[in-house]
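The next block holds one structure in the form of structure tokens; read it before the comments.
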Amino acid sequence: MENQCQNGTETLLKVSTLNCIDLSNPDIHQSVSLLKQACLDCGFFYVINHGISQEFMDEVFGQSKSFFELPLNEKMKVLRNEKHRGYTPVLDELLDPDNQVHVGDYKEGYYIGVEVPKDDPEAEKLFYGPNVWPEDGLLPGWRQTMEKFHHQALEVAKAVARIIALALGLEVDFFDKPEMLGKPIATLRLLHYGGQVSDPSKGIYGAGAHSDYGLITLLATDDVMGLQICKDKDAKPQIWEYVAPSFYSQSWGHARTLEQLYIQIAYFVEPSHDCLVECLPTCKSENNPPKFPPIYCATYLSQRYKDTHAELSIYEKHQT
């Protein structure tokens with residue numbers, strides 16, 4: 001527990017303690033044990049010695065901040081398209097409709113996916129294709145920074161996935177198969193929470209309570225403590241705990257964001273479009289059959305994006 005003063009009032013914050021996964025640790029059994037316990041407890045854990053330098057992370061945060069400081073009319077020129085690439089305005093996403101009374105999340109974002117040329121047959125797939133980029137010269141070095149981070153974060157995610165595979169009793173390269181992370185749907189999302197103070201009692205959130213719907217989420221934050229997690233989403237009442245700023249991974253955990261001035265760098269990793277998502281062989285038996293039917297990854301993700309994002313048609317007035 002620690003005290004923090006906000007708006008002149010002393011507030012008692014409950015801060016969660018998370019397991020730390022060291023990707024340079026030669027003792028793989030220790031890493032597997034720590035990760036497995038973290039996933040059973042809450043679905044969140046810190047990742048250290050991941051190979052991305054602090055200097056480069058500072059550059060990514062700086063470039064992200066530069067984009068969000070642009071005038072709204074400049075940001076709307078790169079509005080997200082039907083492939084979910086580009087800028088997402090405030091209130092574009094609604095994660096917790098049961099509790100959010102003001103239409104959506106008070107955050108803005110920017111989606112960057114796997115870069116696939118328009119003339120490549122793979123670009124016909126929903127979550128592949130060319131990215132949307134700010135005009136050359138508007139933000140020097142911005143595209144190069146984000147492409148470099150996208151590549152490095154994918155390598156971190158694959159390293160984490162190998163530990164997850166071992167924790168599940170699978171072969172270490174189970175998730176490296178072409179239909180899984182060999183051709184992943186990997187999305188970098190820059191996030192900026194600003195301008196609206198979160199107030200759960202009034203249903204106002206930077207990001208409503210949610211569990212991410214992919215395989216792995218890597219999340220880096222600035223030095224503001226804004227992320228909260230709930231270790232038992234079925235508890236009545238739910239108990240929400242802050243997480244100290246760092247570089248962490250989420251695997252099926254339940255989270256929300258409250259702070260009003262805050263930047264996050266999120267990286268979502270899912271299997272390929274054509275991967276049939278079904279219960280893993282080590283997680284089912286005759287006495288413990290699968291709870292859900294198989295579904296293709298692209299079909300599932302498409303529905304989840306549709307459920308949580310605004311229709312693009314509402315922005316037509318901004319593009320005329």
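Along the sequence shown, residues are numbered consecutively beginning with 1.
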Minimal non-hydrogen separation, [X] against [Y], with atom names:
X: V132; Y: G86; value: CB-CA, 4.1 Å
X: L181; Y: A161; value: CD1-CB, 3.7 Å
X: I185; Y: C297; value: CD1-SG, 4.2 Å
X: C42; Y: L18; value: SG-CD2, 3.9 Å
X: P117; Y: P130; value: C-CD, 4.5 Å
X: A153; Y: L218; value: O-CD1, 3.5 Å

Out of curiosity, [X] [atom1] to [Y] [atom2], how far, rounded to the nearest 0.5 Å?
X: L154; Y: L188; atom1: CG; atom2: CG; answer: 11.5 Å
X: D222; Y: D58; atom1: CG; atom2: CG; answer: 11.0 Å
X: L219; Y: L227; atom1: CG; atom2: CG; answer: 6.0 Å
X: N25; Y: I48; atom1: CG; atom2: CD1; answer: 8.5 Å
X: T282; Y: K284; atom1: OG1; atom2: NZ; answer: 9.5 Å
X: I163; Y: C39; atom1: CD1; atom2: SG; answer: 10.5 Å

Quick one: does [X]'s side chain get under 4.5 Å of [Y]'s, heavy atoms only?
X: M76; Y: P89; value: yes
X: V269; Y: V160; value: no
X: V243; Y: Y46; value: yes
X: L215; Y: I164; value: no
X: E270; Y: F127; value: no
X: K183; Y: P178; value: no
X: L23; Y: S31; value: no
X: L168; Y: F175; value: yes

With a 3.5 Å distance limit and no angle check, can you tell me whether [X] reaches the backbone of [Y] through a side-chain donor-acceptor pair?
X: T88; Y: G109; value: yes
X: R85; Y: V114; value: yes
X: H150; Y: A186; value: yes
X: Q238; Y: K233; value: yes
X: S66; Y: G62; value: yes

CA sep, side-chain torsions, deciding dist, call: I28, V172, side-chain contact (heavy atoms from CB on, under 4.5 Å) | CA-CA 11 Å; I28 190 64; V172 65; over 6 Å; no

According to the side-chain hydrogen bond (donor to acceptor under 3.5 Å, both in side chains) rule, which pairs have a member within residues 289-302, sequence neighbours left out?
-> Y300-R304

Which residue pairs pass the salt bridge (Lys or Arg N to Asp or Glu O under 4.0 Å) test when at least one of the two sits in [range], sequence neighbours left out?
range: residues 152-175; result: R162-D176
range: residues 125-135; result: E122-K125, K125-D274
range: residues 63-78; result: K65-E69, E74-K77, K75-E108
range: residues 22-48; result: none

With the 4.5 Å side-chain cut-off for hydrophobic clustering, are [X] and [Y] part of the same group?
X: L301; Y: L276; result: no
X: L72; Y: L190; result: yes
X: F268; Y: I52; result: no
X: L35; Y: L280; result: yes

Within a radius of less than 6.0 Å around [atom1] of [X], do more than 12 heavy atoms belonging to other residues, nucleotides or ligands occur?
X: N73; atom1: CG; result: yes
X: K83; atom1: NZ; result: yes
X: I239; atom1: CD1; result: no

Give the C-alpha distance, both sets of side-chain angles, the deciding distance and a yes or no for side-chain contact (heavy atoms from CB on, under 4.5 Å) between I295 and Q303.
-> CA-CA 11 Å; I295 186 171; Q303 186 59 52; over 6 Å; no

Qualifying residue for ring pair (Phe, Tyr, Trp, His ring centres under 6.0 Å) with F67, from W133, Y110, F61 = Y110

Side chains of N19 and Q37: is there a donor and an acceptor less than 3.5 Å apart?
-> no

Would you call the rings of F149 and Y267 parallel, tilted or perpendicular if under 30° counts as parallel and over 60° as perpendicular?
-> perpendicular

Return the orientation label for the F68 and Y87 ring planes: parallel under 30°, perpendicular over 60°, tilted otherwise.
-> tilted

Side-chain donor-acceptor pairs of residues 140-148 under 3.5 Å, sequence neighbours excluded:
| from | atom 1 | to | atom 2 | distance (Å) |
| --- | --- | --- | --- | --- |
| W142 | NE1 | Q63 | O | 2.8 |
| R143 | NE | E147 | OE2 | 3.1 |
| R143 | NH2 | E147 | OE2 | 3.4 |
| T145 | OG1 | E59 | OE2 | 2.7 |
| T145 | OG1 | G141 | O | 3.0 |

